[in-house]
Every structure is written in structure tokens, then in C-alpha cells.
Q: 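Submitted below is the structure of interest, expressed as C-alpha cells.
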Amino acid sequence: MEKLAIFDVDYTLTKRETLFEFYLFMIRKKPKLIMHLPKNLFSAFLFVIGAVDAGTAKENFISFIDGIKEKDMKIYVKEFYEKRFSKILYVDAINTMKKLKKEGYKIFLISASAEFYLNELYNLKEVDKIIGTRFTNENGEFRRKIIGENCKGEEKVKRLMEELQKDNIEVDFKESYMYSDSLSDMPLFKLVGHPYLVNPKKKSDNIEALKWR
């Protein structure tokens, strides 16, 4: 049986929120995308006050990808990783990955962020599997519409189990690890024998908190 080390991405591996970082990167590439900023901020506000769910808010925010051709997106995300994404990773997170990989763990990254740019984290040789929110690609062009569900909460467990079944992997969850900054990942925390909160805003009496830099 395999042992997993599961990591959330935003504020667990990274110091900042990756979708906003990607938006700022894209504004530099295509300055006209600044026109989306008022709508994006309003979408974030609606989510904070509970007027829309996380999936809807994300579709509204990421509307700036509408119409970007797949071949162009591949170029954008590669440059994004090299110039911005790779610069906001916690050193402690990378060192933890390396340690657990040497101990025989499979490294899984499971995040609500967009899978099309998270896939650049395969540049980290320790990473075995990346699972994120998937967005529509129609006729070679990206669209804001989420495929399936936003990869958050219980959906993370569902997607994980689908991938394990597809790859015919049996897991010893009692010996597996989960790292996240948020208690919204409680479904994954409950799945493993070694859960850890990373730089949490809200702590739990039952989950040890770590300080990563």
C-alpha cells in the first residue's frame, strides 16, 4: 500500500493567493485585462458576504481567461511559473516534500485553484499528482465555466478517490499526511492519520499547527 503526503496549495505551499497572482501576471501581459478588476473585486465581495458560492465567485473572477487559446495559455502559464509562481513557494513546504518523498511517500497537491496553471508545479520533481479545479476548453479556447465542481471541501476527497481508483493505487491513510492552512480541508484532515495546519488563521485543538516560511 502507498502512503500519501497531501498538500493544499494557496497559503500552504505559497505565500500568496495564486489566482490573484496569475491575474496580476496576465495584466502585465495584456494590460486591457485591467477592465476586469472592478468586477473581480465585486465578485470577491459577494463571496465574502455569502451572496454567491465559491464556485460562482471563481467563475466570475477568472472571466479574464475567456477566449485565450490553448497554445497561448501554455506559454503564459510557463512564464507565470518561472517569473512569479515559483517565487512565492514556502521553503519549508519544499523541504517537507523532499523529506517525505525520500521516506517513500507519494506527493499529491490538491487545491481549489485552477488546474491549468497548477500543473506547472510538476516542475517540482517530488510531485506525483496535481488535482485542481478544471475549466472548460472549447475548440482550443479557455472559458470561465468550471468542469464539474469547484475542488474544495468534500470535492477534494471525491477527486482524490477518483484518481486513486483510476491509477489503481491502494493507500494506507492512517500513515498518510495532510497539510493545509484552512479548516475547510477538514474532510481531508479526517482522512489521514497525520494532519497539520500550516500558518492557520484559525487553529484547532485536534490538529497541530506548523509555522512555515
Side-chain angles (χ1 to χ4, degrees), residues 1-21 44 47-50 53-55 57-58 85-86 88-115 117-119 121-122 124 126-134 148-165 167 169-213:
M1 296 182 75
E2 299 285 358
K3 298 179 294 184
L4 302 184
I6 305 168
F7 295 79
D8 176 42
V9 176
D10 289 25
Y11 299 113
T12 302
L13 294 187
T14 66
K15 302 170 186 177
R16 294 192 286 276
E17 204 273 336
T18 58
L19 179 54
F20 190 65
E21 289 293 306
F47 171 65
V48 169
I49 66 173
D53 62 29
K58 185 169 294 177
F85 197 176
S86 63
I88 61 172
L89 298 172
Y90 284 122
V91 172
D92 289 334
I94 303 304
N95 288 340
T96 300
M97 275 189 200
K98 290 179 178 179
K99 174 179 178 293
L100 291 171
K101 187 70 173 181
K102 287 180 180 178
E103 293 175 4
Y105 286 80
K106 284 191 173 294
I107 308 299
F108 277 44
L109 311 184
I110 308 180
S111 172
S113 292
E115 197 172 273
Y117 67 73
L118 289 182
N119 281 335
L121 289 170
Y122 281 121
L124 303 174
E126 292 79 17
V127 174
D128 294 290
K129 178 72 69 173
I130 295 172
I131 300 171
T133 299
R134 297 167 293 190
E149 300 292 333
N150 186 37
C151 190
K152 187 176 178 68
E154 293 286 356
E155 183 66 15
K156 287 188 176 184
V157 175
K158 178 184 174 183
R159 292 280 307 281
L160 170 62
M161 295 306 181
E162 288 174 351
E163 291 297 322
L164 294 176
Q165 184 177 26
D167 295 337
I169 297 174
E170 293 187 16
V171 175
D172 183 350
F173 283 107
K174 186 177 179 180
E175 293 301 320
S176 294
Y177 286 77
M178 170 62 194
Y179 298 90
S180 175
D181 69 296
S182 174
L183 291 174
S184 67
D185 277 323
M186 189 58 73
L188 280 173
F189 281 139
K190 289 180 177 179
L191 195 63
V192 303
H194 304 286
Y196 289 96
L197 278 164
V198 176
N199 302 342
K201 293 180 180 178
K202 186 176 181 180
K203 295 185 179 181
S204 168
D205 293 335
N206 301 318
I207 303 175
E208 183 178 346
L210 303 174
K211 183 69 174 178
W212 282 358
R213 299 185 183 280

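We use all heavy atoms of the structure for the numbers below, so side chains are in, but hydrogens, waters and symmetry mates are not.
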Q: Any chance you could measure Y105, atom OH, to K99, atom NZ, to the nearest 0.5 Å?
A: 8.0 Å
Q: Using a 4.5 Å cut-off on heavy atoms from C-beta on, say whether the side chain of T96 contacts that of W212.
A: yes
Q: Quick one: are M186 and K190 in side-chain contact, heavy atoms under 4.5 Å?
A: yes
Q: Apply the test side-chain contact (heavy atoms from CB on, under 4.5 Å) to residues F7 and V127: give CA-CA distance (whole Å), side-chain angles for both, the deciding distance (0.1 Å), then the verdict.
A: CA-CA 10 Å; F7 295 79; V127 174; over 6 Å; no
Q: Taking side chain as C-beta onward, heavy atoms only, is M161 less than 4.5 Å from L191?
A: yes
Q: For the side chain of D181 and the backbone of N199, is there at least one donor-acceptor N/O pair under 3.5 Å apart?
A: no
Q: Considering all heavy atoms of both residues, which atom of Y90 and which atom of R213 are nearest to each other, and what is their separation?
A: CD2-C, 3.3 Å
Q: Do you know the tightest heavy-atom contact between I207 and P195?
A: CG2-O, 3.6 Å
Q: So which heavy atom on S113 is nearest to which on T18, and how close?
A: OG-OG1, 3.1 Å
Q: Under the side-chain contact (heavy atoms from CB on, under 4.5 Å) criterion, do E163 and I110 qualify, and how do the steps go?
A: CA-CA 11 Å; E163 291 297 322; I110 308 180; over 6 Å; no
Q: Just wondering, more than 12 heavy atoms not from E149 lying within 6.0 Å of its CD?
A: no
Q: For the backbone of I130 and the side chain of Y122, can you confirm whether one donor and one acceptor N or O come within less than 3.5 Å of each other?
A: yes
Q: Give me the atom names and distance for the closest heavy-atom approach of S111 to V9.
A: CB-CG2, 3.6 Å
Q: Could you give the distance from OG1 (T133) to CG (L118), rounded to the nearest 0.5 Å?
A: 8.5 Å
Q: Work out which heavy atom in P187 is nearest to a heavy atom in G153; give both atom names and the distance.
A: CG-C, 3.8 Å
Q: Assess whether atom CD of E103 is packed by more than 12 heavy atoms of other residues, nucleotides or ligands within 6.0 Å.
A: yes
Q: Calculate, to the nearest 0.5 Å, the distance between atoms CG and CD1 belonging to L89 and I94 respectively.
A: 5.0 Å
Q: Just verifying a value: how many Å separate D8 CG and M178 CE, rounded to the nearest 0.5 Å?
A: 5.5 Å
Q: If you round to the nearest 0.5 Å, how far is CD1 of I107 from CG of L124?
A: 10.5 Å
Q: Could you tell me the separation between the CD1 atom of I6 and the OH atom of Y179, rounded to the nearest 0.5 Å?
A: 11.0 Å
Q: Show your working on side-chain contact (heavy atoms from CB on, under 4.5 Å) between L188 and L160 and close with a plain yes or no.
A: CA-CA 9 Å; L188 280 173; L160 170 62; 4.0 Å; yes
Q: Quick one: do E162 and K158 satisfy side-chain contact (heavy atoms from CB on, under 4.5 Å)? Show the steps, please.
A: CA-CA 6 Å; E162 288 174 351; K158 178 184 174 183; 3.4 Å; yes
Q: With a 4.5 Å heavy-atom cut-off, do F108 and L164 have their side chains touching?
A: yes
Q: Keeping R134 on the side-chain end and E115 on the backbone end, is there a donor-acceptor pair under 3.5 Å?
A: no
Q: Return the minimal non-hydrogen interatomic distance between K156 and C151, and the atom names on each side.
A: CE-O, 3.4 Å
Q: Is there side-chain contact between S182 and Y11, with at least one heavy-atom pair below 4.5 Å?
A: no
